J.: 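Got a structure for you, written out below as structure tokens; questions coming shortly.
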Amino acid sequence: MSATSNRRSDRATKALLVRLEAKPGKEDAVEEFLRSALPLVEQEPGTKPWFAVWFGPSTFGIIDAFPDRAARETHLNGPVGKALGERADELFAAPPEISKLDVLANKL
């Protein structure tokens with residue numbers, strides 16, 4: 001495999017932006033939930049990078065990228081996606097807002 005091929009396989013072509021609005025009083029629980037998701041994501045070879053972020057007082061998010069659509073779907077159907085669905089009613093004021101993105105350029 002050439003160096004060019006290696007760079008292409010490492011390149012992110014798909015991404016997710018997930019916005020999460022915590023229920024009043026659940027901000028600390030959402031933060032802990034996101035921190036606890038890191039070990040699960042570390043087990044996913046196709047998820048690079050992955051960021052849990054805080055946008056403001058009660059708004060959190062996840063930003064992650066993938067080499068292809070299959071890796072993105074694997075992530076969405078994996079442990080973090082399932083946990084997000086299972087705890088949505090408990091933690092979030094509204095369903096998670098999931099945006100599927102195409103990556104135009106990146107530096108990883």
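FYI, side chains are in, hydrogens and waters are out, and symmetry mates aren't considered; it's all heavy atoms of this structure. All figures in this text were calculated on a predicted structure; none of them were measured in a lab.
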J.: Taking everything shown except N77 itself, do over 12 heavy atoms lie less than 6.0 Å from its CG?
T.: yes
J.: Do the side chains of V30 and I98 join up, straight or via other hydrophobic residues, at under 4.5 Å, putting them in one cluster?
T.: yes
J.: Per the side chain to side chain donor-acceptor pair (under 3.5 Å) rule, what does the pair list look like for residues 24-33, sequence neighbours excluded?
T.: E31-R35
J.: Flag yes if F92 and F55 sit in one hydrophobic cluster, no otherwise; membership is Ile, Leu, Val, Met, Phe, Trp, Tyr, and two members link when side-chain heavy atoms are under 4.5 Å apart.
T.: no
J.: Quick check: closest heavy atoms across L34 and W50, and the distance to 0.1 Å?
T.: O-CH2, 3.5 Å
J.: Once you round to the nearest 0.5 Å, how far does OG of S99 lie from CZ of R19?
T.: 9.0 Å
J.: Nearest 0.5 angstrom please: E44 CD to K48 NZ, how far?
T.: 12.0 Å
J.: When the side chains of residues 59-69 are checked against the rest of the protein, which donor-acceptor pairs come out under 3.5 Å, sequence neighbours left out?
T.:
| unit_1 | atom_1 | unit_2 | atom_2 | d |
| --- | --- | --- | --- | --- |
| T59 | OG1 | E21 | OE1 | 2.5 |
| D64 | OD2 | H75 | NE2 | 2.9 |
| D68 | OD1 | A70 | N | 3.3 |
| D68 | OD1 | A71 | N | 2.8 |

J.: Within a strict 4.5 Å, meaning less than it, do heavy atoms of the R72 and L16 side chains meet?
T.: yes
J.: Measure the spacing between CG of L20 and CD of E97 and express it to the nearest 0.5 Å.
T.: 9.5 Å
J.: Working to the nearest 0.5 Å, report the span between CZ of R11 and CG of N106.
T.: 7.5 Å
J.: With the 4.5 Å side-chain cut-off for hydrophobic clustering, are L38 and V18 part of the same group?
T.: yes
J.: Any salt bridge linking K100 with E73? Criterion: basic side-chain nitrogen under 4.0 Å from a carboxylate oxygen.
T.: yes
J.: Would you say F33 ends up clustered with F51 if hydrophobic residues are merged whenever their side chains have heavy atoms under 4.5 Å apart, either directly or through other cluster members?
T.: no
